[in-house]
Amino acid sequence: MTDLAKLWSELPQMTNIHASGDGKWAFWCWAGLSETENVWCVPLDGSAPPQQLTQGTDHYQIRDVSSNGNQLILAQSRFGSDQDQLLLLDRRLNHLQPLTPAQDRHYLTGGSFTRDETGIIFAADFDYETDEVTQGCCIWWQDIRTGTRSCLGRSDGPLGVGPKFSPSRELILWHRHDRAPGGSQLWVMTAAGAGHSEVLNLGPTNNARGTWIDDDRIAVVADVEGQDRLGILTLSSGEMEWIAAEPALFPHDCLAGTGAAFLCIHHEQSHTRAALVQGRSIAPLPNRSGRRSLLPHAALPNGGWLAEAYDADAPHELVAVAADGSCRVIARAPNPAAHAGIAPEDFRWTAADSRPMQGWLYRPKGTPRGLIGYIHGGPTWHSEDWMNPKIQFWLASGFAVLDPNYRGSTGFGFAHREAVKDDGWGGREQTDIRAGLEAARATGIPGPVALAGNSYGGFSSWYAITRFADLVTAAIPMCGMYRLDIDYHATEMPHGKAYSEEMMGGTPEELPEKYDNASPGRFIEDIRGHVMIVHGLADTNVGPENTHVAVRELTEAGIPHEVLLYDNEGHGVFRRSNVEDYLRRSEDFLSKAFAAGRRDQARGG
């Protein structure tokens, strides 16, 4: 008999896809093939099979690749805490060299080779000269050989994305957050840290993201006057030219090419697509991969792209897209047939206030044992038609699953994304989820109903078991916010407090009633279902104090609950053995909870 928990914990999942500048090598991280996420590479000419480059006790991320692919800048944090250390991997010597100290005090983003590849730049909320954590952000240059560092710039705003070199690596693009929460401004300086200049400021609350096209032009995706727009900023003239906007195009990000053209990564509702931008011409990048989605990650010198081809049917594949649009598989899972998945339905319903909603409805083979709402995190993110090990495990175990893109999700334009701020967290986005579950039930899927999810999905699971007691029988909140005031003060992430302020409209001290009313912990006396609380104790995003308080209060109230804590996990459960354990425990918990049904009384058995 197949061990489903073990099978789906071993699903190969690709992240961190890069290409060497000479177009000869592809690099990525693969989870599922080993206990932690490790770095792999393959020659793009197909002359050799994929090769594993690391064997880490903690997960690795790839930050940059040298022009010839011989060296990589990697990031790693202890137990996935997000408090990263940068390392240099030399493939020729099979040597891993620490660049920054292993630490648990601060955060750093980026990590890019300088032009001559003898140094790196990165951003950190830390002053290496005084050995102190900073409230703002510092951009650092570091000599690889000697470890000497110098500060290229400082800002008072929170740490954001890492600094980005221009194609010549003579200029640096810096995304700063100097004004209101949620807003960003673009700054440029030289590689030596001179000539700091704010080149784009669309207003204190507007968000702009830039990608170098060449040393004089930056592709910009920004929200302006209630729209997501795509434009080109020319530094020499200071001109900002907008070339596309919703509803014709829903831009999300840009990817530089090797010439004048670039790609705009955009959304078609909850599908991610790519369009080739040449001057003012915007044309879809054809998808001839045989999979339902194609997401480019890096440009290749021949005018092509290194891309990820995916859907929910099988593990994702790495493909090379030629200039004519033809696709060639570069790397795929060793045994893709072992992880054949069930494709979802593009599911639609209407929210209580008539806003149209979309999600993905998965039906198992045979009559479902019940319905699980799997809620994505963020909330500024969205779920797609892609392979998810939790969803496929629950399907194989006989449950139906709804993966909803509630208001606040990306992919549906500015208004849908920003609508979550109308009420703040714990508002109508939660009734969007309930309406979706009820609509799925109306198609003939039987109950009971459970909710599960990580981060904001954990918060939504908490919310449902406390506020939708008439509908929800079980909840599995993972790394979820239990009390929003505790979450605000317990988060260690540099942008964490600013994100809460952006979503809620202020701090807990400024809006105590709003934070309190939105907090699931305020309503535990209404719980009539079953709860299994999951948290990684190294989580610095949603602090484990949320779970510690929840366990104490549920115990004091006599409300039955289960607790699943991992001392070697951060914001989620990602180690293969822990994923296997979580899947196994979730199926056992749901089976017992669905058999028992909701309790008649709010307290006790």
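At a threshold of 4.5 Å between non-hydrogen side-chain atoms, the residues Met481 and Trp462 do not count as touching. Side-chain contact check for His297 versus Leu255: every heavy-atom pair is 4.5 Å or farther apart. Taking 4.5 Å as the limit, some side-chain heavy atom of Leu74 sits within range of a side-chain heavy atom of Ile62. For the pair His175/Leu186, a side-chain contact is recorded, criterion being any heavy-atom separation below 4.5 Å from C-beta on.
In this view, Trp360 and His271 satisfy the ring pair (Phe, Tyr, Trp, His ring centres under 6.0 Å) rule, not counting sequence neighbours. Every residue was checked against the side-chain contact (heavy atoms from CB on, under 4.5 Å) condition with Ser281, not counting sequence neighbours, and none meets it. For Ala464, the side-chain contact (heavy atoms from CB on, under 4.5 Å) test picks out Leu451, Phe468, Val472, with sequence neighbours left out. Contacts of Phe165 classified as ring pair (Phe, Tyr, Trp, His ring centres under 6.0 Å), with partners at least two apart in sequence or in another chain: none. Here Phe574 pairs with nothing under the ring pair (Phe, Tyr, Trp, His ring centres under 6.0 Å) rule; sequence neighbours left out. Qualifying side-chain contact (heavy atoms from CB on, under 4.5 Å) partners for Pro167, counting only residues two or more places apart in sequence or in other chains: Trp212, Asp215. Ser461 is linked by a side chain to side chain donor-acceptor pair (under 3.5 Å) to nothing, counting only residues two or more places apart in sequence or in another chain. Scored by the ring pair (Phe, Tyr, Trp, His ring centres under 6.0 Å) test, His177 finds no partners at all (sequence neighbours excluded). In this structure Ala351 satisfies the side-chain contact (heavy atoms from CB on, under 4.5 Å) test together with Asp353, Arg355, Met357, Arg407, Asp432, sequence neighbours excluded.
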Got a list of side-chain donor-acceptor pairs under 3.5 Å for residues 422-429, not counting sequence neighbours?
| residue | atom | partner | partner atom | Å |
| --- | --- | --- | --- | --- |
| Asp423 | OD1 | Arg428 | NH2 | 3.1 |
| Asp423 | OD2 | Arg428 | N | 2.9 |
| Asp423 | OD2 | Arg428 | NE | 2.8 |
| Glu429 | OE1 | Gly427 | N | 2.9 |
| Glu429 | OE2 | Gly426 | N | 2.7 |
| Glu429 | OE2 | Tyr456 | OH | 2.5 |

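The structure places OG1 of Thr234 at 7.0 Å from CD1 of Ile232, a figure rounded to the nearest 0.5 Å. Remark: Ile391 CD1 to Ile342 CD1 distance equals 11.5 Å, nearest 0.5 Å. Rounding to the nearest 0.5 Å gives a distance of 10.5 Å between CZ of Phe347 and CD of Gln358. Considering CG of Leu263 and CG of Leu285, their distance stands at 6.0 Å, rounded to 0.5 Å.
The nearest pair of heavy atoms linking Val319 to Cys327 is CG2-SG, 4.5 Å. Listed here is the closest heavy atom pair of Cys479 and Gly570: SG-O, 3.7 Å.
Residues in residues 244-266 take part in no salt bridge (charged side-chain N to carboxylate O under 4.0 Å, His left out) pair, two or more places apart or across chains. Sequence neighbours left out, the pairs with a member in residues 339-350 that pass salt bridge (charged side-chain N to carboxylate O under 4.0 Å, His left out) are Glu345-Arg363, Asp346-Arg348.
Note: Phe250 and His267 fail the aromatic proximity criterion, with ring centroids not under 6.0 Å apart.
The closest side-chain donor-acceptor pair between Tyr406 and Ser460, if any, does not fall under 3.5 angstrom. Side-chain N/O atoms of Ser289 and Glu317 include no donor and acceptor closer than 3.5 Å. Side-chain contact annotation: Tyr499 with Thr491, donor-acceptor N/O pair under 3.5 Å absent.
With Pro296 as reference, Ile265 is the one residue of Leu276, Ile265, Ile17 to meet the side chain to side chain contact (heavy atoms under 4.5 Å, CB included) rule. Applying side chain to side chain contact (heavy atoms under 4.5 Å, CB included) to Tyr310 and the options Met14, Arg292, His316 leaves one that passes, His316. Put simply, the residue from His382, Arg417, His416 that forms a side-chain hydrogen bond (donor to acceptor under 3.5 Å, both in side chains) with Thr410 is His382.
With respect to Glu501 and Lys497, no salt bridge is recorded, no charged nitrogen being found less than 4.0 Å from a carboxylate O. Taking a cutoff of 4.0 Å between a charged side-chain nitrogen and a carboxylate oxygen, Arg176 and Glu198 do not qualify as a salt bridge.
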Report the C-alpha distance between His376 and Ser409 in whole Å, list the side-chain angles of each, state the deciding distance to 0.1 Å, and finish with yes or no for side-chain hydrogen bond (donor to acceptor under 3.5 Å, both in side chains). CA-CA 9 Å; His376 70 70; Ser409 302; 2.8 Å; yes

